[in-house]
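Reviewing the structure listed below.
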Amino acid sequence: MPNVPLVDRETATGAVKEQLEQIGSAFGAVPAMFRAVANSPAALTSMWSAFGAYGGGTLGAALGEQIAVAVANRNSCGYCLAAHTALGKKAGLTTEALAEAQAGNSDDPRTAALLAFALKLVEERGQVTSADVDALRAHGWNDEQIVETIGQVALNLFTNYVNIALDVPIDFPTVPLRRAA
């Protein structure tokens, strides 16, 4: 049972209702995470706006989902792992590619470097070095993509923490967590 009530879009009012309607249109239903976050109109606006901004970013949907899966797995967030695995499949990723992303791996060395950086951000709480950033540049990532990666990691930390702390019920097909080697 979640630690906060899940706001119903039928009884919501004002900006929360409007955003829940947008979310429902985008997903076909309002996922439980957004219904939990809707307890704070400011948090809902922040989260929904960030998803929209990164949806139009330079990394693209598939890579954004790989980042989300890696961060969710590292933080043991079953909700986000399930949601972003489903969204990753919609973005054209295979089950195998998503399973590899859980561990921060990819067949593509460039993608693998970015996922490793994303996980280092999580593990080191942002304390990466200029050498870490330079290593990304050596793989062909530009400054816009590097900053966007940091932003996506931060958004995923927010969603992981919401779902874990509030015990939000998973409303996507579940995916087993993989333990880091």
Report summary line: Minimal heavy-atom distance between V7 and A12, with the atoms involved, is CG1-CB, 4.0 Å
Query raised in the report: Any side-chain heavy atom of W141 sitting closer than 4.5 Å to one from V133?
Result: no
Query raised in the report: Rounded to the nearest 0.5 Å, how far apart are CG of L44 and CG of N39?
Result: 10.0 Å
**Report entry** Heavy-atom neighbours of D107 CG exceed 12 at 6.0 Å
**Finding:** no
Report task. Identify the heavy atoms of A118 and T149 that sit nearest to each other, and give their distance. Result -> CB-CG2, 4.4 Å
Query raised in the report: Which pair of non-hydrogen atoms, one from L115 and one from S106, has the smallest distance, and what is that distance?
Result: CD1-CB, 4.3 Å
Report task. Hey, could you give me the CG/CD distance between L59 and E144, rounded to the nearest 0.5 Å? Result -> 8.5 Å
Report summary line: Taking every heavy atom of A101 against every heavy atom of A70, the minimum-distance pair comes out as O-CB, 3.1 Å
Requested in this report: Report yes or no: do L87 and L81 belong to one cluster of Ile/Leu/Val/Met/Phe/Trp/Tyr joined by side chain heavy-atom distances under 4.5 Å?
Outcome: no
Query - From CD (E100) to CZ (R178), nearest 0.5 Å - result: 5.5 Å
Query raised in the report: If you take all heavy atoms of A26 and W48, which pair is closest and at what distance?
Result: CB-CH2, 3.9 Å
Query raised in the report: In this structure, which one of T85, L98, I170 forms a side-chain contact (heavy atoms from CB on, under 4.5 Å) with V175?
Result: T85
Requested in this report: Kindly compute the distance separating CG (L121) from CG (D132), expressed to the nearest 0.5 Å.
Outcome: 8.5 Å
Query raised in the report: If two hydrophobic side chains count as joined below 4.5 Å and joins carry through other members, does Y54 share a cluster with M33?
Result: yes
Query raised in the report: Would you find a donor on one side and an acceptor on the other, under 3.5 Å apart, between the side chain of S46 and the backbone of A42?
Result: no
Query raised in the report: Under 3.5 Å, is there a donor-acceptor pair between the side chain of R9 and the main chain of K17?
Result: no
Query raised in the report: With the 4.5 Å side-chain cut-off for hydrophobic clustering, are V4 and M47 part of the same group?
Result: yes
Query raised in the report: To the nearest 0.5 Å, how far apart are CD in E124 and OG1 in T129?
Result: 10.0 Å
Report summary line: Sorted by chain and residue number, the ring-ring contact (aromatic ring centres under 6.0 Å, His included) partners of F27 (sequence neighbours excluded) come out as F34
Query raised in the report: Would you call D167 and M1 a side-chain contact if the rule is heavy atoms closer than 4.5 Å?
Result: no
Query raised in the report: Any donor-acceptor pair under 3.5 Å linking the side chain of Q145 with the backbone of N142?
Result: yes
Under 3.5 Å donor-acceptor pairs involving side-chain atoms of residues 159-166, not counting sequence neighbours:
unit_1: T159; atom_1: OG1; unit_2: N156; atom_2: O; d: 3.1
unit_1: N160; atom_1: OD1; unit_2: N75; atom_2: ND2; d: 2.9
unit_1: N160; atom_1: ND2; unit_2: N156; atom_2: O; d: 3.0
unit_1: N163; atom_1: ND2; unit_2: T159; atom_2: O; d: 2.8

Query raised in the report: Are any non-hydrogen side-chain atoms of D134 and R137 less than 4.5 angstrom apart?
Result: yes
**Report entry** side-chain hydrogen bond (donor to acceptor under 3.5 Å, both in side chains) partners of R110, counting only residues at least two apart
**Finding:** none
**Report entry** Hydrophobic cluster membership, V128 vs I67, 4.5 Å side-chain cutoff
**Finding:** yes
Report task. Using a 4.5 Å cut-off on heavy atoms from C-beta on, say whether the side chain of L114 contacts that of L136. Result -> yes
Report summary line: Output for pair (T111 OG1, Q66 CD), nearest 0.5 Å, gives 5.5 Å
Query raised in the report: Are L119 and F158 in one and the same hydrophobic cluster, where Ile, Leu, Val, Met, Phe, Trp and Tyr link if side-chain heavy atoms are under 4.5 Å apart?
Result: no
Query raised in the report: Which heavy atom in A36 sits nearest to a heavy atom in V168, and how many Å separate them?
Result: CB-CG2, 3.8 Å
